[in-house]
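Below, all heavy atoms of this structure are taken into account, side chains as well, without hydrogens, waters or symmetry copies. Chain letters run A, B, ... following the sequence lines, proteins first and then strands; every chain starts at 1.
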Amino acid sequence: MDFTYDDEQQALREAVRGLVGKAYADFETRRRTVAEDPGFDEGLWQRLAEMGVLGLPFHEEDGGSGAGPVEVAIVAEEMGRVLAPEPFLTSVVLAGGLVAAAGFADQRAEVLGALSGGESVLAFAHAEPGTRWTDDATSVTATNSGDTWTLSGTKEPVPHGARADLLVVSAALPDGGTGLFLVDPTADGVTRNGYATHDGGRAARVVLDDAAGVPLGDGGDATATIATVLDIGRVMACNEAIGAMEFQLRGTTEYLKSRKQFGVTLNTFQALNFRAAEMYVSLEMAKSLTTWATMVLDAGKPDQMAVAASRAAVGVSRAGRHIGQEAIQLHGGIAMTAEYSIGSYTSHLTALDHLLGDGDHHLRVLAASVGDHEEFDPLS
Amino acid sequence: MQLELSAEDAAFREEMRTFFTTKIPQEIRDKVAERRELTKDDIVTSQRILNEHGLAVPNWPVEWGGQDWSPLRRHIWHEEMQRACVPLPLAFNASMVGPVIAQFGSQELKERFLPKTANLDIWWSQGFSEPDAGSDLASLRTTAVLDGDEFVVNGQKTWTTLGQHGDWIFNLVRTDPEAKKQRGISFLLIDMTSPGVTVRPIELIDGGHEVNEVWFEDVRVPQDNLVGELNAGWDYAKFLLGNERVGVAPVGATKRVLAQAKEYAGDQLQDPLTAARFAELENELLALELTALRVVAHSADGKPHPASSVLKLKGTELQQAVSELVVDLAGPASLASGAGDDDSDLPGWARRATPVYLNLRKASIYGGSNEIQRQIIAKTILGL
Ligand SMILES: Cc1cc2nc3c(=O)[nH]c(=O)nc-3n(C[C@H](O)[C@H](O)[C@H](O)COP(=O)(O)OP(=O)(O)OC[C@H]3O[C@@H](n4cnc5c(N)ncnc54)[C@H](O)[C@@H]3O)c2cc1C
């Protein structure tokens with residue numbers, strides 16, 4: 001039982017902070033960046049590649065650096081702290097994670113090599129209109145004739161789907177189950193409409209009309225793999241949210257100490273200070289769950305990963321709403337403006353909450369099994 | 001970063017688990033499990049068995065019966081005790097006056113009191129609060145005036161928990177009325193059988209007799225019973241209230257009650273709303289337990305982790321929320337609180353649910369109310 005980061009992990013945090021934290025130290029830079037397509041800084045993406053961040057979770061033979069979940073979590077947290085819009089979570093952790101988990105060796109080497117090197121942005125096209133956070137695909141279907149596969153149907157919202165150089169698409173297989181396919185988005189039969197999300201991110205509608213797809217790995221049912229990678233993504237989204245919430249709490253306390261009304265600084269009013277104290281409580285509780293869930297991933301116990309991801313997701317969803325809402329309220333009107341950073345953090349926390357399953361979704365999962373165990377022991 | 005306990009700590013946990021579930025009488029542990037009231041004898045018996053095996057006061061210095069354990073081991077000891085339904089060592093002895101005497105008392109006081117305090121041969125009461133000195137404890141008015149080699153004590157303490165069992169009481173008394181209020185307070189040990197000490201019961205909303213008023217009228221106390229320096233009592237009181245990082249939140253006990261509540265719930269667990277309430281509470285308790293672990297894992301380097309202040313606040317809120325859930329599970333049966341076992345067909349847990357719920361409202365009031373905890377977080381952590 002040890003909650004401390006080793007020297008190398010600390011160094012990684014410093015390095016990411018030195019690059020990403022510095023790049024977006026001024027919130028205006030982030031505003032400018034997300035105002036134009038592709039919604040992130042391609043130059044910074046290259047520098048992240050050079051630093052090895054984009055290949056962090058992948059094996060060395062696949063072009064990555066073979067780091068573990070703790071390292072990936074550190075990056076996510078630092079990205080969240082400055083609301084960095086680069087698609088680390090969706091491109092590297094999710095889409096890359098699927099290729100790493102399901103691809104053949106030559107697919108992994110090619111796709112992950114290009115991703116790690118910053119030459120290719122990946123997107124995971126999974127959500128379908130009308131569905132809510134499932135592990136499988138239903139309305140997008142895969143059909144084969146001989147060895148060639150084609151996909152049809154609509155995927156939306158696809159994070160960074162318009163900018164992506166390669167899509168990882170989930171599709172219902174002819175004999176049941178859900179397969180994963182690599183799709184070249186510039187090929188015939190693929191139509192993409194990109195747009196901005198409320199938090200400055202990017203998403204797209206991807207319409208597939210007999211579009212060519214290459215099965216990832218053996219092309220069999222990948223539902224379990226998708227579920228696991230989504231769980232890893234959830235825990236990393238939690239880490240990203242922790243960074244964002246820490247920033248919001250710090251920003252709020254600084255503001256209470258400096259903003260004057262009625263001739264005194266706002267921290268003269270206990271009613272406000274107590275609400276800030278409650279934000280701190282929410283943050284620490286969410287941080288404990290997130291750190292623990294990250295360690296469960298690190299311990300590599302697949303049977304516990306899903307539960308850990310749901311537990312962290314419930315805690316972070318609750319905390320994110322509480323802190324995000326209170327941060328705005330305690331700032332007053334200024335936090336309603338797009339120019340001031342605080343409100344945009346709330347927007348991003350709301351996006352993270354709804355990317356891979358919100359608090360109620362995960363509470364429903366936990367509630368379904370609450371009678372199966374007497375008590376929950378995080379140490380065994 | 002590592003999730004698992006080390007092999008040594010895991011073995012330690014197993015050893016504690018075995019001890020608590022085999023060496024403490026089953027009938028006492030059953031009472032705790034069923035949330036029935038413990039007698040003085042139950043508490044004394046249990047603490048003496050613990051003490052005999054060096055498990056009553058591990059937080060004390062080793063020469064006075066403590067253990068040289070890491071904070072993590074003390075946490076494990078504390079959690080496993082609650083898990084096994086073992087009554088915790090009397091807090092007034094084990095976590096309050098004992099550590100103060102061990103830290104600040106003279107050699108004579110240590111020899112005289114510490115062994116008996118560890119063994120619960122002396123039952124201590126805490127004489128801090130007064131009718132007009134609650135959260136603002138330093139405004140206390142009970143006086144102690146030196147007359148020859150004795151103090152003469154006059155005043156009133158209140159909220160004295162289990163004072164009806166008390167042999168001795170550790171009091172905060174005003175010894176310098178001229179000084180700034182924190183600087184004129186001393187820490188005095190008083191024999192409750194002394195002439196002039198009167199203990200009167202206060203009935204609480206659950207119908208129980210748990211707290212008392214204690215009156216002091218010209219009570220003569222030997223000067224030797226002063227702990228440490230004259231007028232330095234406030235520092236000792238702060239030490240007493242603030243030195244403990246382990247066991248700040250009742251994690252294990254609350255987890256146990258929630259687990260029991262699943263049994264009480266029976267078919268009600270099929271109801272999605274009830275199941276969601278369980279799931280949410282269980283998850284918050286997990287977050288609390290993990291926060292407690294972060295705190296103990298961190299205090300190894302001496303400095304307490306700032307998150308420790310979260311523990312009292314959130315820990316008592318969850319303890320209360322779980323007791324509220326049990327009342328709701330009991331439903332109409334919760335009205336039968338006045339029925340004896342022979343008068344009622346309703347299960348005992350359901351009949352006890354509301355008195356326990358009402359009683360636990362205290363948890364967010366005493367030991368530094370939750371408003372005071374928020375104040376500490378705002379001031380010392382957030383710098384507000
Ligand atoms: C069951 C029980 C057992 C107890 N046992 C003992 C015992 O054995 N020995 C002992 O010495 N004491 C004991 N206490 C006393 C306990 O420590 C006090 O009740 C506690 O310190 C609060 O004081 P008070 O009740 O006078 O409330 P007050 O201090 O009058 O507080 C009233 C309300 O105002 C809030 N408040 C107070 N100050 C502030 C502030 N600065 N900012 C914001 N809000 C504030 C409080 O949180 C509370 O909500 C016990 C109390 C109870 C209920």
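Contact of A:Glu278 with chain B is made through the side chain alone, with heavy-atom distances under 4.5 Å. Residue contact with chain B, scored on non-hydrogen atoms closer than 4.5 Å, involves the side chain of A:Thr291 exclusively. Heavy atoms of A:Val281 lying under 4.5 Å from chain B belong to its backbone as well as its side chain. The parts of A:Asp377 that come within reach of chain B are both its backbone and its side chain, each placing non-hydrogen atoms under 4.5 angstrom from that chain. Heavy-atom distances place no part of A:Val365 under 4.5 Å from chain B, backbone and side chain included. In this structure, chain B has no heavy atom under 4.5 Å from any part of A:Leu283. Heavy-atom distances place no part of B:Gln268 under 4.5 Å from chain A, backbone and side chain included. Neither the backbone nor the side chain of A:Arg364 has a heavy atom closer than 4.5 Å to any heavy atom of chain B. Proximity to chain B (any heavy atom under 4.5 Å) is shown, for A:Ala276, by both the backbone and the side chain.
No more than 12 heavy atoms of other residues, nucleotides or ligands sit less than 6.0 Å from atom NE2 of A:His59. Heavy-atom contacts from other residues, nucleotides or ligands closer than 6.0 Å to CG of A:Asp372 number more than 12. B:Arg36 CZ: more than 12 foreign heavy atoms inside a 6.0 Å radius. By the 6.0 Å contact criterion, CD on B:Glu34 is enclosed, its count of non-hydrogen atoms from other residues, nucleotides or ligands being greater than 12. Dense packing is recorded around NZ of A:Lys257, with more than 12 heavy atoms of other residues, nucleotides or ligands lying under 6.0 Å away. Remark: B:Asp267 CG is loosely packed, at most 12 non-hydrogen atoms of other residues, nucleotides or ligands lying under 6.0 Å away. Dense packing is recorded around NZ of B:Lys362, with more than 12 heavy atoms of other residues, nucleotides or ligands lying under 6.0 Å away.
In this structure, A:Glu375 CD and B:Leu258 CG are separated by 9.5 Å, a value rounded to the nearest 0.5 Å. Rounding to the nearest 0.5 Å places CG of B:Leu384 at 5.5 Å from CG of A:Asn267. Note that CG of A:Leu289 and CD of B:Glu284 are 9.5 Å apart. Values are rounded to the nearest 0.5 Å. A distance of 9.0 Å separates CG of A:Asp298 from CE of B:Met1, quoted to the nearest 0.5 Å. Interatomic distance, A:Leu379 CG to B:Ile76 CD1, rounded to the nearest 0.5 Å: 7.5 Å.
The two residues B:Leu269 and A:Gly371 come nearest to each other via the heavy atoms CD1-CA, 3.7 Å. Across all non-hydrogen atoms, the minimal contact from B:Leu3 to A:Met1 is O-CE, 3.4 Å. In terms of heavy-atom proximity, B:Ala259 sits nearest to A:Glu374 at CB-O, 3.3 Å. Closest of all the heavy-atom pairs between A:Pro378 and B:Leu290 is CB-CD2, 4.0 Å. Nearest heavy atoms, B:Glu289 versus A:Phe376: OE1-O, 4.1 Å. The minimum heavy-atom distance between B:Glu282 and A:Val370, with the atom names listed, is OE1-CG2, 4.0 Å.
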Please walk me through it: do B:Gln2 and A:Met295 pass side-chain contact (heavy atoms from CB on, under 4.5 Å)? CA-CA 7 Å; B:Gln2 190 206 322; A:Met295 294 199 296; 5.7 Å; no
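One N or O on the side chain of B:Lys262 and one on the backbone of A:His373 form a donor-acceptor pair closer than 3.5 Å.
Interface summary for chain A: among B:Leu5, B:Leu382, B:Leu313, the most heavy-atom pairs under 4.5 angstrom belong to B:Leu382. In terms of non-hydrogen atom pairs under 4.5 Å with chain A, the most contact-rich of B:Asn283, B:Leu285, B:Leu286 is B:Asn283. Contact count versus chain A (heavy atoms, under 4.5 Å) is highest, among B:Arg256, B:Lys255, B:Arg277, B:Glu280, for B:Glu280.
Within residues 363-376 of chain B, the residues having any heavy atom less than 4.5 Å from a heavy atom of chain A are, in residue-number order, B:Glu371, B:Arg374, B:Gln375.
Taking 4.0 Å as the cut-off between side-chain N and carboxylate O, A:Glu284 and B:Lys314 do not count as a salt-bridged pair.
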